[in-house]
*Asks:* 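Pasting a structure here, questions to come.
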Amino acid sequence: MFKLNGKVTDEFDFFKGNDVFDLVKAYGSPLYVYNEGIIRERCRELKNLVSYPKFLAQYSAKANTSLAFLQIVKSEGLHVDAMSPGEIYAELEAGFEPSDIFMITNNVSESEMQFAIDKGILVCVDCLEQLETYGKLNNGGKVAIRFNGGIGAGHHEKVVTAGKKTKFGVNPEYIPQVKEILKKYNLKLVGVQQHIGSLFMEIDPYIEGSRAILDIAKNFDDLEFVDFGGGFGIPYKKLSGQPRLNLKECGEKLDKVFESFVKDYGKEITFRIEPGRYISAESSVLLTDVHCVKYNGPHKFAGTDVGFNVLVRPAMYDSHHDIEVYAKEARPVNEEEITIVGNICESGDIIAKDRLLPEIKAGDILGILDAGAYGHSMCSNYNNRLRPAEVFIRENGEAVLTRKRDTLEQLLENYVKLDL
Ligand code: LLP
């Protein structure tokens with residue numbers, strides 16, 4: 001294999017000697033390839049974010065629910081959050097204990113709450129009515145509440161999750177009603193939670209948000225923890241030198257916030273975070289075959305098999321993913337502007353628009369970087385396409401299949417034909 005612009009994967013030694021052409025030959029294209037070492041490194045960075053001793057990093061599983069991924073996170077000693085019975089099911093299968101799992105609900109049914117209660121998993125509710133429902137189901141039990149402290153942040157308005165325009169959390173003006181419901185059902189409020197949104201590269205909104213949820217926390221006497229949510233960003237524009245989030249500064253600022261809260265509150269409680277993207281995004285490169293290159297007027301297109309059913313982020317949020325170009329044989333690198341598209345029958349099926357890249361030819365493989373967060377977990381079978389396989393490159397360099405590609409039979413297995 002010859003990398004025409006392999007700066008990022010070279011720096012991480014991402015493929016550890018595996019040739020992308022061999023991987024695609026063995027497991028098909030598109031293919032999500034993961035690097036186990038990167039997942040472990042990111043878990044450790046966040047576990048050690050602060051020096052305050054009662055600190056817990058919970059991986060937000062929605063970013064990547066692959067069993068192998070969850071197993072690695074578990075082996076690094078992190079806990080996990082869950083949004084649904086399906087995530088809980090995968091997490092238990094991956095080896096997490098019920099006490100490692102925190103179900104953060106949003107508009108769930110009674111049976112979904114009951115699923116978590118039956119398994120002994122702590123539930124976080126996000127409105128008064130759902131608190132009431134929970135009280136009826138688990139009278140005398142423990143509960144956590146998601147509040148909306150009013151400060152939101154994120155890379156796109158669709159992923160900002162606090163502030164008055166969003167559906168999330170209990171507004172602090174309802175604290176008296178919260179107290180009444182807790183009393184009515186003899187519930188013990190053990191934790192308060194918030195998540196301001198996804199992907200910040202500057203720490204200040206997160207710190208400001210942390211202060212807001214801590215102000216809310218002061219209204220409750222017996223808390224065991226406060227959970228500040230996720231949102232820690234990664235640099236998606238590494239090829240043009242975007243710097244990383246300054247975790248050291250982030251940890252130091254959080255330590256100060258914790259210290260001052262503990263002083264006022266009068267006891268040490270646990271502080272939790274819930275990062276998804278930071279742990280998973282950089283651990284995967286999505287490989288795709290280039291099937292053709294063509295012009296429409298002045299515009300040049302490379303046609304690949306990464307449709308938005310395989311990676312929806314660019315179509316859904318205009319997200320940027322850096323792209324590396326791999327050729328079978330060495331050739332000169334001539335940069336030109338090109339639009340990378342998929343194989344779905346919609347003109348919004350664009351992975352990268354007017355991107356300056358080394359000249360791409362049919363038969364090349366593209367590596368779409370930073371695809372590990374909200375990549376495979378948001379895949380669909382749109383156009384009756386098969387969701388791709390996943391391969392893990394272990395720390396010893398061995399490539400292991402961890403998810404098989406869908407089959408044609410699976411596409412139809414839940415349908416029932418009419419009797420005509
Ligand atoms: N906690 C809660 C309650 C959340 O809703 C989320 C993400 C997280 C934690 C983790 O956030 P993270 O650390 O990954 O930023 N699909 C979008 C991102 C949606 C995030 C949804 N909630 C994307 O591809 O950018």
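Just follow the structure's listing: the first ligand is 1, and inside any ligand the first atom is 1. The figures here come from the full heavy-atom set of this structure, side chains too, leaving out hydrogens, waters and symmetry mates. Quick caveat, the model's predicted, so the values are computed rather than measured.
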*Asks:* Might you confirm whether atom NZ of K54 has over 12 heavy atoms from other residues, nucleotides or ligands at distances under 6.0 Å?
*Replies:*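 It does: K54 NZ has more than 12 such atoms within range.
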*Asks:* At a non-hydrogen distance cut-off of under 4.0 Å, which region of R277 contacts ligand 1 (side chain, backbone, both, or neither)?
*Replies:*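 Both of them.
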*Asks:* Taking a cutoff of less than 4.0 Å between a non-hydrogen atom of the residue and any ligand atom, is M316 in contact with ligand 1?
*Replies:*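 The answer is no, since M316 has no heavy atom less than 4.0 Å from ligand 1.
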*Asks:* Which of these, F228, Y206, Y278, sits in a ring pair (Phe, Tyr, Trp, His ring centres under 6.0 Å) with F200?
*Replies:*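 It is Y206; the other options fail the test.
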*Asks:* Heavy atom of Y278 under 4.0 Å from ligand 1?
*Replies:*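 Contact absent.
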*Asks:* With K218 as the cation and F261 as the aromatic partner, state whether NZ or CZ is under 6.0 Å from the six-membered ring centre and within 45° of the axis.
*Replies:*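 No, cation not above the ring by the 6.0 Å, 45° rule.
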*Asks:* Side chain or backbone of H156 under 4.0 Å from ligand 1, or both, or neither, by non-hydrogen atoms?
*Replies:*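 Within the 4.0 Å criterion, H156 makes no contact with ligand 1.
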*Asks:* Of the backbone atoms (N, CA, C, O) and the side-chain heavy atoms from C-beta on, which set of S60 has a member under 4.0 Å from an atom of ligand 1: side chain, backbone, both, or neither?
*Replies:*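 For S60, only side-chain atoms sit under 4.0 Å from ligand 1.
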*Asks:* With a 4.0 Å heavy-atom cut-off (strictly under), which part of K158 contacts ligand 1: side chain, backbone, both or neither?
*Replies:*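 For K158, no heavy atom sits under 4.0 Å from ligand 1.
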*Asks:* Using distance alone, determine whether G276 and ligand 1 share an N or O pair under 3.5 Å.
*Replies:*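 Yes - when backbone and side-chain N and O of G276 are compared with those of ligand 1, one distance drops under 3.5 Å.
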*Asks:* Could you say whether the N/O atoms of Q193 and ligand 1 ever approach to under 3.5 Å?
*Replies:*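 No; every N/O pair is 3.5 Å or more apart.
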*Asks:* Below 4.0 Å, non-hydrogen atoms only: which portion of E274 touches ligand 1? Side chain, backbone, both or neither.
*Replies:*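 Contact part for E274 vs ligand 1: both backbone and side chain.
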*Asks:* Please examine the side chains of H155 and Y317, heavy atoms only from C-beta on, and report whether any two atoms are closer than 4.5 Å.
*Replies:*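 The answer is yes, as the side chains (C-beta and beyond) meet within the 4.5 Å cut-off.
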*Asks:* Of the backbone atoms (N, CA, C, O) and the side-chain heavy atoms from C-beta on, which set of M378 has a member under 4.0 Å from an atom of ligand 1: side chain, backbone, both, or neither?
*Replies:*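 Near ligand 1, M378 shows its side chain, while the N, CA, C and O stay back.
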*Asks:* Using a cut-off of 6.0 Å, state whether more than 12 heavy atoms not belonging to K164 lie near its atom NZ.
*Replies:*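 Result for NZ/K164: open.
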*Asks:* Less than 3.5 Å between some nitrogen or oxygen of R146 and one of ligand 1, yes or no?
*Replies:*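 No.
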*Asks:* Distance under 4.0 Å to a non-hydrogen atom of R313: what atoms of ligand 1 satisfy this?
*Replies:*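 Here the atoms of ligand 1 in question are 23 (C), 24 (O), 25 (O).
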*Asks:* Between ligand 1 and A373, is the shortest N or O to N or O distance under 3.5 Å?
*Replies:*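 No - when backbone and side-chain N and O of A373 are compared with those of ligand 1, no distance drops under 3.5 Å.
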